[in-house]
Structure formats: structure tokens, C-alpha cells
Protein chains: 2
Amino acid sequence: MKILLVEDEPKLASFIKKGLTSEGYDLTIAYDGQMGLSLAQQQPYDLLILDVNLPLLNGFELCRRVRADYPHVPIIFLTAFDSLEDKVLAFEAGADDYLVKPFAFQELLLRVRALGRRQQAAEAVRHVLSLADLELNLDAKVVTRAGQRIDLTTKEYALLEYLLLNQGRIISRVAIAEHVWDVNFDTNTNLVDVYVSYLRKKLDRGFSPKLIHTVVGMGYVMRAE
Amino acid sequence: MKILLVEDEPKLASFIKKGLTSEGYDLTIAYDGQMGLSLAQQQPYDLLILDVNLPLLNGFELCRRVRADYPHVPIIFLTAFDSLEDKVLAFEAGADDYLVKPFAFQELLLRVRALGRRQQAAEAVRHVLSLADLELNLDAKVVTRAGQRIDLTTKEYALLEYLLLNQGRIISRVAIAEHVWDVNFDTNTNLVDVYVSYLRKKLDRGFSPKLIHTVVGMGYVMRAE
DNA sequence: CTTCGACTAGCAGGATTTTCATGGGCGCGG
DNA sequence: CCGCGCCCATGAAAATCCTGCTAGTCGAAG
């Protein structure tokens, strides 16, 4: 689980990092609010631990800005004062939890675990996407159908991953083009169609049930039926 | 938002109930662990607030048993002692938060709001129009009736979406033509009628009650009756 | 009671749009 | 150079869309 810690006291920061790392978490430290914001916007973290008093950008403001991009990411605040007013501010800014310094490391660990548990369920299925007897392993980037390995090219894989992430949802060609090819204009080509065709040949031909379905006028959808 | 409070001190219980009710929450009180478990199993609550020391079944055990049925329901513990050991037990049992008595009501309210926000967010991304047992998922562009998927063409879907957005209202053919076909003149055709007919065949034929109704001389209306 | 007109339901098939599969060009790395 | 992955273009095939038509309903007028 990827955690971002934003804390300007180097000693406390490295103490926390050591502790959580040894518990198997993947933790990055930012030493001021700007750095924290920049990191948080670059990639999604599973959990944010924010000091309230930070140089350049305080924790509350940072929290608000991050929440604009990632409304669901769990956030824990660390603060030096145990004032109700601060708590109100923290929760209003969108905090999920709140710890007053000094705290026992065990305390922090409990909070991290509690918030992590939320993600866990989603995380567990995030390593392997599956639909009927089709499996896509996100780590190994290996795809199998009925236990049989299927070799895909880079683009084919990217397309399949996107479609499987949205299984059951009808996805438009434009949405596919944006996510798989990073084009946000109408290319006026049948690129998407061609790759769906490739995928069908490899995934559906010779297997049952068919998993890739066309919805005329709307796009494509993956479902077992 | 439906909350279940399990607390054996009547005075504290009614204090909490009064406070949260005035904040617009729908709160039920259970006075012992058994009663709490029985209620929690009967219907899903959006949030559980559990005292740790309860007659018949203690809070930790209650938490575990409820989590077996509802793994994601947020749970807040109330306890009389501020011991780290208790916190460990609470979080291991699956708690999301923890309050030590006595606490300011404001404190509890903050926690309730923070945990409620979670649910809300999950709810908000579920863009669903519904009428009786008919559901239209705007995100996935999938329509179901009585749990059974119904495949619609683009125009049929657009028409249904418009009608459902205006459910209960009588919509004229002209208004439909404008919104679904982007024509703002009288085309002198029975296009709308034809598509309503298509929808009826797919949505209403074989189901009850009928949802699409004709209002002679005025247009169409969707309602359950 | 009958007729008439206004209105609606639903079908059928040709017109139109959308999708599929294939062949081939291009560029890159072995 | 060769093979492979990537992308474009084309025509055939399929699905959808729309028009025109018939049949049916209902109420009011004769």
C-alpha cells in the first residue's frame, strides 16, 4: 500500500517511515506542503498522513486541494494541539482521522490499518482482473483464458485492461481512445475497432461465452453471458 | 442516514439520540448486545455506534459478528477507558473509529460525519434513475427491469433517459422530438410514437406494472401505477 | 344507432448508419 | 533485410433508423 507522509520534522518523519516500512507499507516523505501537493497530484496514493503545520502550504489547505482530485483517498492528520477547534477544521477539510502529537507508534499503525482495510477489498481484486474464465494479472501483465495463456501486444493489453476495469459498463470509443491512446480528439479513424477486433480474435475466438460485446451506436462492453 | 446505537446507559443513549436526530440522522437504540446484533442483522445500517461494555454480548464480539454479514459498514466504538490495549482490540475487531467517554458531543458528530461522507461519496457516483423495478444506470448506460438486463439501441436509450428524467411529468411529442432528435419543428411524422412503441415492447411487455402511459392529446408520461 | 374525424399502436421494408474483417503501408529493432 | 507491432483505408455485412401504411380506439355530431 502506497502512503504519502507530509511532515517537516525530519526526525519524526523518518521515525514514522521506518515503522511503517517495516510493517510492509510503501511510504514516501514530503517535507513541505508544496512538495506534498505536487507528489499527491502526480500519482494516486492509498493513504495520506499530513502534518497540520507545514511550510508553504498548511495541512488543511493541502487536504482540500488533494481532495479535489482524489475525493476518496483516506487522510490522517497529525497535530501538536488537542483542540476541538482544530479537529473541526480537520474534519471539515475532509479528514478521516486525527492524531495528537506525541502519539505512540502503535496508535498510528492502528489508524493506518483501519483505513487501509477499506482499500484492501478493492486492492485485492486490483491485482487480478477477471471475468468468467478470463484472467488478467496486473502485476505480471499476463492474460489467461480457461487457464490457457494468451499473448497480447502492448496496445492490446492496455485496451483489455481498460475494458476489464470497466466490465459491465458500456464504454464509448472516445473514452477508449482517451485512455488507451491518450488522444482527446476525434481521430476519425477506426483504430479502436481494429484493436477490439484483434482482442476478439485472441480472446473470444474458440471460447465460450463471448466476453466482448458491441453496443451499436454506443461503444463496447465486456460481460459474461 | 440510518444509525444503530448500542448503549446500555439510558441517559447517554438518549442524549446521543437527541443530538444526532436533531442533526437529521435516523437513529435507533439497542440496549444490549443481543438486541443490537438482532437489529443489525435484520436490516443494513449506514453506521454503527457500539459501547464496548455491553450486557449479554460485548461490543467487540458484536462488531465481529456484524462484520461477518456487512464487511463495509462503518463502526465507531465508545469506551470508558483510554487504554492502548482496548484500542488495539477495537481496531482488530474491525472498528473504524474510537471515542473515550466522556466525550464532547461535537467529537462524536465529527466522527459520524466523516464516516458518513464515505458512504455518500460511494452513493454519489452511482448515477441511477429508477422507477419501480426499472433502473437506468447513467454511468454504465445499462438498463434493467426486475434485475434483468434490457438491451436498448441508442435512440431508445436516449428516449428512455429523457422520459425517466421527467418521470411523473407529461411530456409532449414536440418536447421529446426536440430533446432526443434535436429537431425543433413539427416533422409531421410518427417517429416518436414508433420509438415509444419500441420501448414499450422491451420494457413493459411481460412486466407489471406498465410504466409508459399515453395521455391522449398531450403526450406520454412514465409512472408506476 | 351510425358515422365521422382526431388520435394512437404497431408493422414492414427500404434507406441510412455503424461495425467488422482484411489487406497493406510504415517504422523500428534484431 | 525481416518480422512484428502499429495504424489507415476499404468494401461488405449487420444493425438501426425512419417513412408510410393499416388498423384500432374513442368521443362527438348527426
Side-chain angles (χ1 to χ4, degrees), chain A residues 141-143 149-163 170-207 210-223 225, chain B residues 141-143 149-163 170-207 210-222:
Chain A
K141 299 202 186 293
V142 166
V143 176
R149 182 174 166 156
I150 295 178
D151 290 320
L152 298 180
T153 71
T154 312
K155 283 282 184 259
E156 287 165 358
Y157 177 87
L159 173 60
L160 179 59
E161 181 183 306
Y162 182 62
L163 288 177
I170 298 176
I171 306 297
S172 72
R173 289 176 169 72
V174 172
I176 293 173
E178 277 180 14
H179 281 87
V180 179
W181 279 270
D182 278 331
V183 293
N184 44 10
F185 51 89
D186 185 7
T187 51
N188 203 20
T189 75
N190 64 349
L191 199 46
V192 174
D193 302 54
V194 171
Y195 272 86
V196 168
S197 168
Y198 290 162
L199 271 188
R200 279 197 171 123
K201 203 182 293 188
K202 292 187 178 180
L203 299 180
D204 272 352
R205 189 171 286 183
F207 292 98
K210 304 299 178 208
L211 301 179
I212 306 177
H213 305 273
T214 305
V215 184
V216 177
M218 295 189 167
Y220 297 96
V221 58
M222 290 201 73
R223 63 163 74 105
E225 69 187 38
Chain B
K141 295 191 190 299
V142 167
V143 176
R149 201 183 74 241
I150 295 180
D151 291 320
L152 298 180
T153 71
T154 312
K155 282 280 185 280
E156 287 164 359
Y157 177 87
L159 173 59
L160 178 60
E161 181 183 310
Y162 181 61
L163 289 176
I170 299 176
I171 306 297
S172 71
R173 284 159 223 275
V174 174
I176 294 174
E178 276 180 14
H179 280 87
V180 179
W181 278 270
D182 277 331
V183 293
N184 43 13
F185 50 90
D186 185 7
T187 50
N188 199 18
T189 74
N190 64 346
L191 200 43
V192 175
D193 301 56
V194 170
Y195 273 85
V196 168
S197 163
Y198 288 162
L199 271 188
R200 279 194 171 127
K201 198 187 297 189
K202 291 187 177 179
L203 300 180
D204 273 351
R205 189 172 287 183
F207 292 99
K210 303 301 177 207
L211 301 178
I212 306 177
H213 306 274
T214 306
V215 184
V216 177
M218 307 199 80
Y220 297 96
V221 59
M222 289 201 74

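Each chain gets a letter, A, B and so on, in the order the sequences are listed, and its residues count up from 1.
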Handout entry: Side-chain heavy atoms of B/Leu199 within contact of B/Ile212, under 4.5 Å
Key = yes
Completion exercise
From CD1 of A/Ile212 across to C1' of C/dT19 the rounded distance in Å is 14 Å
Exercise for the section: Tell me whether the OP1 or OP2 atom of C/dA9 has a side-chain N or O from B/Tyr220 closer than 4.0 Å. Expected result: yes
Exercise for the section: Could you pick out which residue, B/Thr154 or A/Thr153, lies toward the 5' side of DNA chain D when each is mapped onto its nearest nucleotide? Expected result: A/Thr153
Handout entry: Exercise: identify the closest heavy-atom pair between A/Tyr195 and A/Lys155
Key = CE2-CB, 3.6 Å
Problem - B/Asp204 (side chain) donor-acceptor with B/Lys210 (main chain) under 3.5 angstrom - result: no
Exercise for the section: Using a cut-off of strictly less than 4.0 Å, decide whether B/Trp181 has a side-chain nitrogen or oxygen near OP1 or OP2 of D/dC18. Expected result: yes
Practice task
Answer yes or no: is there a side-chain heavy-atom contact under 4.5 Å between A/Val196 and A/Thr214?
Solution key: no
Problem - Below 4.0 Å: OP1/OP2 of C/dT8 and any side-chain N or O of B/Thr214 - result: no
Problem - A/Asp204 CG - C/dA21 P separation (whole Å) - result: 11 Å
Polar-atom pairs under 3.5 Å, protein N or O versus N or O of nucleotides 10-16 of chain C: list them with distances, or write none.
from: C/dG10; atom 1: O6; to: B/Asn190; atom 2: ND2; distance (Å): 2.6
from: C/dC11; atom 1: OP2; to: B/Lys201; atom 2: NZ; distance (Å): 3.2

Practice task
Could you tell me the separation between the NZ atom of B/Lys202 and the C1' atom of D/dT16, rounded to a whole number of Å?
Solution key: 10 Å
Exercise for the section: Return the value, rounded to whole Å, for the distance between atom CG of A/Asp182 and atom P of D/dC7. Expected result: 12 Å
Practice task
Rounded to the nearest angstrom, tell me the gap between atom NE2 in B/His213 and atom P in D/dT25.
Solution key: 20 Å
Handout entry: N-O pairing of A/Arg173 and A/Asp193 below 4.0 Å
Key = yes
Problem - B/Leu159 vs B/Tyr198 side-chain heavy atoms within contact, under 4.5 Å - result: no
Exercise for the section: Would you indicate, yes or no, if C/dT8 has its OP1 or OP2 atom less than 4.0 angstrom from a side-chain nitrogen or oxygen of B/Arg173? Expected result: yes
Exercise for the section: State which of D/dC6, D/dC17, C/dT18 makes the closest approach to the side chain of A/Tyr195. Expected result: D/dC6
Problem - Any side-chain heavy-atom pair of B/Tyr220 and B/Val192 under 4.5 Å - result: yes
Practice task
Starting from P on D/dC7, measure out to CG on A/Leu199 and report it in whole angstrom.
Solution key: 13 Å
Exercise for the section: Please report, rounded to the nearest Å, how far the C1' atom of D/dC7 is from the CG atom of A/Leu159. Expected result: 14 Å
Practice task
Measure from CG on B/Asp151 to P on D/dA15 and round the result to the nearest Å.
Solution key: 12 Å
